[in-house]
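Right, one structure below, let's go through it.
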Amino acid sequence: MPRKQRYPWTAYVALIPMALTVVFVYLGTMVWSAKISLSSSHTFPSNDFVGLTQYVRLFNNDRWMVSLQNIVIYGLLFIVACLVIGFLLAVFIDQKITGEGVMRTIFLYPYAMSFVATGLVWQWMLNPTLGLQSVIRKLGVTGFQFDWIVSQDKVIYTIVLAAVWQASGLVMALLLAGLRGIDEEIWKAARIDGIPRWRVYVSIVMPMLGASFATAFVLLFVAVVKLYDAVVAMTQGGPGTASEVPAKFIMDYLFGRANLGLASAASIVMLLTVLAIVVPVFYVRRQAMRLKEAG
């Protein structure tokens, strides 16, 4: 159909508010932040130009380097664990089990919770004097020790536990939708050929779920970069700065230390990191869709 018939002018008019929001709110604030990151701004914005001084200061800041190290450890463990657990849950539910609707709700419910609420619940559970360690010791296992949340070397892993518990259900829902779209004839052919079920998943099903895995990866990666609520609720970045993450660093320097220039530089670094990961993923997906349509 001609473009004018497919997309009437009313559709373009309806898009104007969102287009203005994108241009002035999202893109505008990005440009403003980039400008401020090249200035010596502290409490109030400044129009002077200092080049990349703020970025040099940023990467000479020990607290920032700790936050980068923590976000890398957290991101790798969080994304891999969510993808693996989410896929296994999706496979489990795809077996058309009894009470499937209830199971889906149970697994997906944590994602509906606020990350602050999740963090507070896990903080209580992992508290050495009140939570899991205390309960198990009262049951008679006096040598049991699980005090990761107060250990500088292990505290980041407690945040991973809480985040994986919350986000695995989302991955399950995405991959389950992909599994339900696979032709039943594939399973019938595999059974006739005597191919083990695990081999069908590894060699056939998982490659067919590439788009679903890519979507889940992008959502999880963005969640990694945005990590803030769980850290504040569980550890406040402690002990010391052992669980510091970039988002908390930015918020602390923006509001707590009134260092607008350094906080803006940190936010631009995180924005570029997201773009460096997300843009190639979407480009590859778009190219794959074009090849599929052309074929």
Side-chain angles (χ1 to χ4, degrees), residues 72-113 115 118 121-122 125 132 146 148 156-225 227 230 277-278 280-295:
V72 170
I73 295 173
Y74 169 85
L76 290 175
L77 295 176
F78 171 71
I79 292 175
V80 171
C82 283
L83 291 176
V84 171
I85 295 174
F87 178 71
L88 294 177
L89 291 175
V91 170
F92 168 67
I93 294 181
D94 192 45
Q95 308 307 308
K96 298 180 175 58
I97 60 174
T98 304
E100 176 184 323
V102 175
M103 297 300 293
R104 283 203 311 264
T105 302
I106 291 174
F107 292 139
L108 191 57
Y109 177 75
Y111 188 72
M113 295 177 60
F115 230 144
T118 297
V121 170
W122 278 87
M125 289 176 58
L132 188 62
F146 191 53
W148 289 9
I156 192 66
Y157 303 114
T158 64
I159 300 173
V160 173
L161 286 175
V164 169
W165 175 81
Q166 184 175 43
S168 294
L170 173 65
V171 178
M172 175 214 69
L174 293 173
L175 297 184
L176 181 60
L179 286 172
R180 291 291 164 83
I182 294 177
D183 192 347
E184 188 65 27
E185 295 300 320
I186 294 177
W187 293 106
K188 292 180 181 179
R191 286 195 294 268
I192 293 173
D193 294 338
I195 303 175
R197 197 172 185 86
W198 68 267
R199 185 61 181 272
V200 178
Y201 277 110
V202 173
S203 302
I204 301 176
V205 173
M206 292 183 68
M208 294 179 68
L209 294 177
S212 298
F213 275 111
T215 300
F217 173 81
V218 170
L219 293 175
L220 293 175
F221 181 79
V222 172
V224 168
V225 176
L227 177 65
I277 298 295
V278 173
V281 171
F282 280 108
Y283 176 77
V284 170
R285 286 187 60 185
R286 187 175 181 83
Q287 291 298 109
M289 291 177 63
R290 286 181 177 178
L291 291 175
K292 186 176 179 180
E293 292 174 355

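Here, residue 1 is the first one in the sequence, and each next residue gets the next number.
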(message) Minimum heavy-atom separation for Gly169 and Leu108, please, with both atom names.
(response) O-CD1, 3.4 Å
(request) Test side chain to side chain contact (heavy atoms under 4.5 Å, CB included) on Glu100 and Ile93 and set out the steps. (result) CA-CA 6 Å; Glu100 176 184 323; Ile93 294 181; 3.5 Å; yes
(request) Would you please indicate yes or no on a ring centroid separation below 6.0 angstrom for Tyr201 and Trp187? (result) yes
(request) Report yes if some heavy atom in the side chain of Ile159 is under 4.5 Å from a heavy atom in the side chain of Trp122; otherwise report no. (result) no
(request) Please determine if Lys188 and Glu184 form a salt bridge, counting it only when a charged side-chain N lies under 4.0 Å from a carboxylate O. (result) no
(request) Step by step, work out the side chain to side chain contact (heavy atoms under 4.5 Å, CB included) result for Val218 and Phe282. (result) CA-CA 9 Å; Val218 170; Phe282 280 108; 4.2 Å; yes
(request) Hey, can you tell me if Phe213 and Phe87 have their rings parallel, tilted or perpendicular (30° and 60° cut-offs)? (result) tilted
(request) Measure the acute angle between the ring planes of Tyr74 and Phe78, then classify it against the limits of 30° and 60° as parallel, tilted or perpendicular. (result) parallel
(request) Tell me, with the steps shown, if Arg191 and Glu185 meet salt bridge (Lys or Arg N to Asp or Glu O under 4.0 Å). (result) CA-CA 10 Å; Arg191 286 195 294 268; Glu185 295 300 320; over 6 Å; no
(message) Quick check for you: to the nearest 0.5 Å, what is the distance between Asp94 atom CG and Met172 atom CE?
(response) 11.5 Å
(request) Could you check Met103 against Phe92 for side chain to side chain contact (heavy atoms under 4.5 Å, CB included), going step by step and ending with a plain yes or no? (result) CA-CA 10 Å; Met103 297 300 293; Phe92 168 67; 3.8 Å; yes
(request) Kindly say whether Thr118 contributes a backbone atom to a donor-acceptor pair with the side chain of Gln166 at under 3.5 angstrom? (result) no
(request) Could you go through the side chain to side chain contact (heavy atoms under 4.5 Å, CB included) check for Val281 and Phe221 one step at a time? (result) CA-CA 11 Å; Val281 171; Phe221 181 79; over 6 Å; no
